[in-house]
Each structure stands twice: as structure tokens, then as C-alpha cells.
Amino acid sequence: MTLDLAQFHESFFEESFEALDAMEAALLKLDVGVADHDGINTIFRGAHSMKGGAAMLGFADVTSFTHTLETLLDELRSGKMQVSAPTLDCLLKSVDVLREMLTAVRAKKPVDAQRVADLQFDLEAIVARKDAAPPVVAPAAAAAQAGAPATLAAATGQVVVPAGSAATAGHAAAPAASAAAAAHAAAPAGSAATAGHAAAPAASAAAVGHAAAPATAATAGGQIAAPATPAGATNTGAGGTVSAPAGQPPSSSSEHAAAADAGWIIEFKPLPHLLLQGNDPLAIFAALKELGRVEASADLSVLPPVAKLDPQICYVSWQLHLHGDCSREQVEETFDWTTGDCELHIERPGGARSPGEVAVGAAPSEAGATVGAIAGPASASGAAAAPTAAAASTAGAAPPAQAAPAPTGADHSKQVTAESGSIRVGIDKIDELINTVGELVITQAMLSELGRGLEGSAAELLRSGLSQLERNMRQLQESVMRVRMLPISVAFSRFPRMVRDLAQRLNKKVELKLAGEQTELDKTVLEKIGDPLVHLVRNSIDHGIEIPEIRTAAGKAPFGTISLNAYHTGGHIAVEVSDDGAGLDKARILAKARSRGLVGANDVLTDDQIHDLIFLPGFSTAEKTTDVSGRGVGMDVVKQRVKELGGSVEISSERGHGSRFLITLPLTLSIVDGQSVLVGGETYIVPLTSIIESLQLKPQNVNRLSGACEVFSFRGDYLPLVRLYDLFGIEPRSRALQEGLVVVAEGDGKRVGLFVDELLGQQQVVIKSMESNYGHIDGISGATILGDGSVALILDVPGLIRAASMRVAA
Amino acid sequence: MTSVELLRLNDCTMRSIGGLHQELVRRLSGTGPVPVDRTDIQRPNTAMLQLLAAFARDLRAQSRPIEWRGESTAFDRAAKTLGLSATLGLPVDG
């Protein structure tokens, strides 16, 4: 008897894509030169499972590729090879290729054989030469070897993620010691020396900060900067941005009070690449002086002779005695920007250093060498590794239930994924459940309506019971809705990798901050909001964040910050995308709009109106079109998609300081807040998000254009008037404008006035699909059943506008 | 008698510090004291001071003094902040 394996295909694909996400997340956390066994094992298991599943199901291409991948991973996990930046790049590309392969196989389309073969060749070559050793640096730069390639993640800087964000991949490690590596021009191209950023000569590496021209396939990373690590920050419900610095226990009030007068002893050992990150100890110490008197003692023991030193590498370390009554947090805050670029120990005078008081940065090694595990013992080999505090801290920022462990030794605070009980359920079953519950809600509403009309003691008991039923139903409905709810971290998880790659391409330094990742929203909303967010983030990196030189010249930190924040507000979910870049150029936007005839030469627009111009199709003020953005097809799509979800987008921006896009979305697409309106004897529902205003018109306020088109003046514009009774073929209560009301609604950037007989009230209704129950109707997005059992159609405002336009044209 | 060429320091960035480095390497191969004028320094940075500290140390190893000329409050203050005054041969309590 032959077994039909096709029934297992979909499960294989779903599990494989999940495994690839986990692999990518683990890869982005790997540190170059550091054996993260758990991380590599996670990656290996993913590849191994995929190979087995693919082999069983007869997917030969996938089997072959994953076998090669597994071979390389086995070398890594057995310690026969070390992780290098080129290897990491290759592994990340392997994840991309596997995704493409699985997508192609799932769609029964051919795989890109050449791309697969090329990458497979690269993987085999790596295994063959076992060339994953730490970067080979020029002898003169031996002292700076330590600074050498931080992890690939280091190369790309750090992605700050909220503690507890298990789903947020891309815990990039410390900013690359790239320039340090790059400075060692003797390092062979393609070696791990190029890890992180630049394989470019030191000068150019310095010139562009980190992301210089990639010398090899191990391209210089863009940078996702080491984020400032707010001292003692923890994962909050709102999703703080950065977890507590690894190993840094919050200072207690007793500790503070007990030794206030003694101040703090600060051991500050910059990693070699610190200066190239745009950090300057001079500025840091000057800031520290604001907390009290500072005595600095410089350690020049590893400062090489002038003829041998690299002037862009930091060789000096310091011991500082800060005399002042300040908290540890205040001291840590002063060093925020050096997270991942130094070793930092802060203790009370005479206090022993505890494991918890550990460095944000790599462990010391010999002669400027570096990077061992975070807070780990000195790695005598000087093997390159530059785990960063952020890496440690973010790595330690495991799911909320897990406390960020103090990093000790080679402890990178592995992220523990809670194996909570879960079960796969088909979407169709959930939708059916939601639909049935929706019916129950409607039935309950009908019963409540009936109960209102009864009298007597029995009726009182009935109404009491129905009231209880209503509460239970509401609870049941909310619980069922939550079944479809997923945390927005699912959408956010793509960004660490995306920001890394994009910043790398554009030679920019970008710090990504994620917050509110556990905020839940409907699965459909979540799936559809992904692309708009991608557009906004890409635009932010391309047009918002300036290159490091410009930022530095403007007095900004070389690392730009992009923040994604999600939270619940009222009955909606808000998603903010903000940056501290250049902000929108209102003058340029207005000039562009005027040149295109979108705005009159003498029209005076508010800032909000100017900002909204960027949502017009094809509107772009980009000086050149890039394949990242600039074609003007992004922002209009963003607004359109958000509108389709029943949401809205707001912009706030300040030139020179940055921009913020606020997307407001409904929590679910199954219910809608609507305004009930009466047209003739029929009740319709107008989504509240579409309504601007309701007003009463006088006949003299309405002008008739050619044909049957009526327009009326509204806030300086002329809007078309749609008589719904006419559109739907209903006998109205009255055709006289002064006896009815006009609901001004908006859709697709256009406005319209809907003439109705009466406004009945606002209510939340359960949406029933027209398509599945009847068929598509222009101008109608769905239907609902009211409490009295009658059916009310839910209006689709954009569709109404289109339908009315077509009638006029006809 | 060897004429001593004055080394006039200017503000330098990470991008331009290579030039100062080359000059200091050249000066190390000379003889006699090295007069250094710091008057024009208004925006010192750690990279520069680190480099000059190595230079001063290497000169001392050759029994050659570094002779500071001119005045720059910013420079002296920066050196003190970084704990490099003594290495650079500047007044420690400046």
C-alpha cells in the first residue's frame, strides 16, 4: 500500500519556514570566533529537520542543499571550525535560499538552480578550507586584533530588542570592530578580518565610519549600532527598548546610600574600534564630570610605539575615580553609547567586583586583543570576538518569564525559548468558531431586544438572565477573537535583518529599537500590516537617516535610530515608526506638489496637509530613484493598505530631528464600530473610521453640475453628494435635503457626502461576509444582523465613491 | 647645529589623523628636542592625544624632550581629563 505523502507537504513547509526563522534569529546572534554551542545547535537542528523532512517527501534539491549546510554546521558545532564573518554571511544567505527553494517547491515552480548551486559551492568551499578562523590581521595590528570582527552581528552592530522578545530575531551583536579590522589592510580579503564592516582600508573605513566598501563577499555590514543600554532598563509591559545590561543588577538604594560619598571607581577599557564608532572617551569623561569630580588614570601599557600604532585604534584604558553622590545608573548612563565597544566595570571604592557587575563588552585579553565572552575570562588567544553588551543583554533578554542572567565566563545569556504547550489549528476552523460565536452574539442581542418588551416578574428574571448572557457572550467573543490574535513581534521579527542589510547597502549606521512586541492583533491585520511597515522602515533608512558624516556634522550621534513601537489604545492598536533622521522637507514637498499642479501656487497648507501630500500616488521628492525607494510607490500603498484594514496613518515630522508615522488599526476585522443610518426603511452601517462629519445641507448650498452630479461646499472644497436612496433604489422618507442629513465620509483619499434620512446611533457590529453569503456588491463591504433580527448592510465608502463616479460618467 | 623645525598642531579628525601620525613618525627619526606648538588646538580628541602621548613617550625613550610652545586651554584641559598630562609633559595641575 502506497502512502500518499502529499498530505504532509503543508505541515513540512510550515514547520520548515518556522525553522528558518529560528535559524536566522540564531545566526544573527552568533559572535564571530565564539563558540555559541546552543545557538549553533539550534541552527543545526533546523537544517537537520529540514533535510530529513525533505528527503522523506522527495524534495531532492532541498535535501541536497540542506545536507551541505548541515555538513558546515556540524563542523561548527563540533568545534572543528570557528564562526567567521564570511561564514555567517554564507549561512544567512543559505537561509534566504532555502526560503526561496521551499516557496518554489510549495508553488510547484522551478527552483533557481544556479543560485542554489553557487551558494552550495561556497558552503563546500568553506568546509574544504575550514577557513572560518578568526580574522588574520596584520602583525602591526596584533594589538588591535581583539577589536577584530565582532560577530557578524557585531559587524552589523546591535539591534536593540526589548527584553523578553523571543520572536525578535537579529540580536546583532556589537558594532563591528570593522574599522579596526579594516584598518588592518594586510588582512586578506575575505578573511574574517573583514568581518563586520569594512574590508576597506582604514582611511576609508574611517571616512565612512563603519560601513565601507565591502571587499569581499563578506560584505561590510551596515551597522545596527550598539544601542545605548539604559541602565537597569527592563522589559516592561510597554516593552522597554533594551534589556538591562547583562549582569548589571539594579543598584539598590542601600548600596547607594551607604557609599554615596566615596563615589565610584570606574574601569573603562575601550575596545580597539571604539573611536571608529564615533565614541570619544574625552566627551564621555566630560559628561561624567557633571556627576562629580573625576580623577583619571590612563593605562598606556598596550600603547605601541608610534611607528607601529594605528592612530584610529584606541589602545588606552582608564581607571576613573568619580567623586560624587550619584547612582550607578547615572554613571552607566554616561557610558550608554559605548555599549558593546568597551569593557566597563563600576564599583564602589574598595568593593569587590561581583559577577553581576560586568562589563558591557568583551572580556579583556592580552595586548589589546580582545573579545572573549562577555564578562568572560580573558581570552588569551586573542581570538576575535566582540560580543557586545547589547548582544549579551539582548541575548539575555529572553522571553519575559526569563530573567536576564548575569553573563559570566562565556555565558552569552542564551535565549531560552519557552516550550509552551501549543497546538496547530487550521485557520478555517478558527474562522468557523468565530463565525458561530458571532451568530451567538447576534442571537443574544435579539433575545435582549425581545426581553425589553416583556413585563412582569418573570420578565425581570428573564432580563437578568439575558444580561448575564450578554456578559458571558462578550467574554466568549473576546476570547475567541484572541484565538486569532498574534503578537506583533511576528511582523517585527523581519526588521533586524532587513535594517542590517539595508544599512549596509546604504553605508549608514542604524540602531533599531523595538517595543511593545507582545502587543497582539488579529492575524489578518498582522499579515497585511507587514508590507506597510516595511515601506516605512525602508523609507526611513533611505531618506530619513543621514549618513554618519552628515549626522556628526549636525551634532548628532553617528548612529541613527529607528523605533518601532506597538501598543493598545482604546479599542485599537497603534504602531509607531519613528526615526531621528532628517525629517520631512516641507518646502520641497510643497514645491513638488505645486510643480505637479496638486497644490495651487497661492494655496496655504498646514504642516499636516503638506505631510499628507507624500501619500499621493507617485509622489516622491527623492533626488534619485533607488531600488530601495524613491519611486513614489511606497507611501500611497501604505495608506491604501492601512485604510483597507480600517485604520489610519498620521505623520508628525520636524526638519532635522526626524519623523514619526503613527498607524492606528482595529484589533480585529470581525467587528466594526459603525454609525447606523436610516435610508427609507433600510438601516445601513457606516464605519466610524470613514466618517468625518455629519451635517444638514440647505438646497442653496448644493450645486448641480452637468448631468445629475450634485456637489456641495465643505471646508473650502466641493464634494460630490451621493443620495443613497437613489444609489440603492430605495424609496426615501424625503428627497428634500433639509429634511435629511449628510454624512461626510472619506475613502481612498477622496471625500463624499452621503445623504441619509436619519442617524440612528453608534454600535459595534459583527461583520458577516457578503461574498460568502451572497456575492459582491459595489459599495457594500459586508452585512450584519441587528438586535431586532434585521439585516443591515455595511457601507464600503471607497466603493460608494467609485460607484457614484461611474454613474456620473455614464 | 641642527635647526629644529616647529611642529604646529592643528585640530584633526579621525579622517585626517593619519597625516599627523606620519609627521610624528618622521620626527622620531630625527634628533634633538621637538618643539610642538599647540596654540591652534581648539577641539582636541582622544585619538590625537593618544597619538601625542605615544610620541612623547617614544621621544623620552630617545632622551629627547618634547617642548610645548604656545597655549591652548582646550588642549591642556583635555589632556588632564584623559589623565595624559604627565605623559605629554604638560603641567599636571594646569
Side-chain angles (χ1 to χ4, degrees), chain A residues 143 179 183 185 201-210 268 270 272-289 293-321 338 368 548-549 552-553 558, chain B residues 7 9 11-30 34 36 41-62 64 66 72-90 92-94:
Chain A
S204 60
V208 296
H210 281 273
F268 175 58
H273 60 263
L274 177 132
L275 298 177
L276 286 157
Q277 293 288 343
N279 287 311
D280 193 328
L282 189 59
I284 297 169
F285 296 173
L288 204 60
K289 283 183 178 178
R293 184 169 58 87
V294 178
E295 295 169 2
S297 173
D299 179 2
L300 306 180
S301 59
V302 301
L303 183 65
V306 171
K308 292 186 176 180
L309 70 75
D310 182 336
Q312 295 180 323
I313 300 299
C314 188
Y315 300 95
V316 184
S317 59
W318 287 268
Q319 184 183 75
L320 308 161
H321 189 172
T338 63
E549 287 79 8
T552 304
Chain B
L7 173 60
L9 294 177
D11 288 329
C12 61
T13 64
M14 289 293 285
R15 193 187 300 210
S16 62
I17 198 167
L20 176 60
H21 181 228
Q22 287 177 2
E23 178 61 22
L24 295 182
V25 170
R26 185 179 75 80
R27 295 294 183 122
L28 280 171
S29 62
V34 178
V36 181
I41 298 297
Q42 295 181 8
R43 290 183 297 275
N45 55 47
T46 300
M48 170 198 282
L49 286 163
Q50 173 185 254
L51 179 58
L52 288 169
F55 180 63
R57 179 200 57 193
D58 290 0
L59 276 182
R60 266 197 301 278
Q62 297 177 6
R64 296 167 62 193
I66 187 170
S72 167
T73 306
F75 184 89
D76 292 358
R77 187 179 300 141
K80 186 181 178 187
T81 299
L82 292 176
L84 295 175
S85 297
T87 304
L88 288 166
L90 294 169
V92 175
D93 57 353

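What you see below is based on every heavy atom in this structure, not just the backbone, and it leaves out hydrogens, waters and symmetry mates. Chain naming here is simple, since letters A, B, ... match the order of the sequence lines and numbering starts at 1 in each.
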### Query
Between B/Thr46 and A/Leu282, is there a donor-acceptor pair closer than 3.5 Å when you use the side chain of the first and the backbone of the second?
yes
#### Entry: Backbone N/O of B/Ile17 and side chain of A/Gln312: donor-acceptor pair under 3.5 Å
no
### Message
Please enumerate all residues that pass ring-ring contact (aromatic ring centres under 6.0 Å, His included) together with B/Phe55, with sequence neighbours excluded.
### Response
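Counting only residues at least two positions away or on another chain, B/Phe55 forms no ring-ring contact (aromatic ring centres under 6.0 Å, His included).
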### Query
Which pairs pass side chain to side chain donor-acceptor pair (under 3.5 Å) with one or both residues in residues 18-28 of chain B, sequence neighbours excluded?
B/Glu5-B/Arg26, B/Glu23-B/Arg26, B/Glu23-B/Arg27
### Query
Can you tell me if CZ on B/Arg60 sees more than 12 non-hydrogen neighbours from other groups inside 6.0 Å?
yes
#### Entry: Neighbour count above 12 (heavy atom, 6.0 Å) for B/Gln42 CD
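Counting neighbours around CD of B/Gln42, 12 or fewer heavy atoms of other residues, nucleotides or ligands fall under 6.0 Å, so no.
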### Query
Which region of B/Ser29, side chain (C-beta onward) or backbone (N, CA, C, O), has a non-hydrogen atom less than 4.5 Å from a non-hydrogen atom of chain A, or is it both or neither?
neither
### Query
Tell me, side chain or backbone of B/Asn45 under 4.5 Å from chain A's heavy atoms, or both, or neither?
both
### Query
Heavy atoms, side chains only, cut-off 4.5 Å: are B/Thr81 and A/Val294 in contact?
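Contact flag for B/Thr81/A/Val294 side chains = no.
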### Query
Is there side-chain contact between B/Leu84 and A/Leu300, with heavy atoms separated by less than 4.5 Å?
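Sidechains of A/Leu300 and B/Leu84: in contact.
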### Summary
Smallest heavy-atom separation, A/Leu309 atom then B/Ala54 atom, equals CD2-CB, 3.5 Å
### Query
Closest heavy-atom contact between B/Ala47 and A/Pro311?
CB-O, 3.8 Å
### Message
To the closest 0.5 Å, what do you measure between CD (B/Gln50) and CG (A/Leu303)?
### Response
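Interatomic distance, B/Gln50 CD to A/Leu303 CG, rounded to 0.5 Å: 5.5 Å.
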### Value rounded to 0.5 Å, distance of CG in B/Leu82 from CD1 in A/Ile284
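Taking CG in B/Leu82 and CD1 in A/Ile284, the distance rounds to 10.0 Å.
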### Message
Please identify, among A/Cys314, A/Ala286, A/Ala283, the residue contributing the most non-hydrogen atom pairs under 4.5 Å to chain B.
### Response
A/Cys314
### Task
Tell me, for A/Val316 versus chain B, whether the close heavy atoms (under 4.5 Å) come from the side chain, the backbone, both or neither.
both
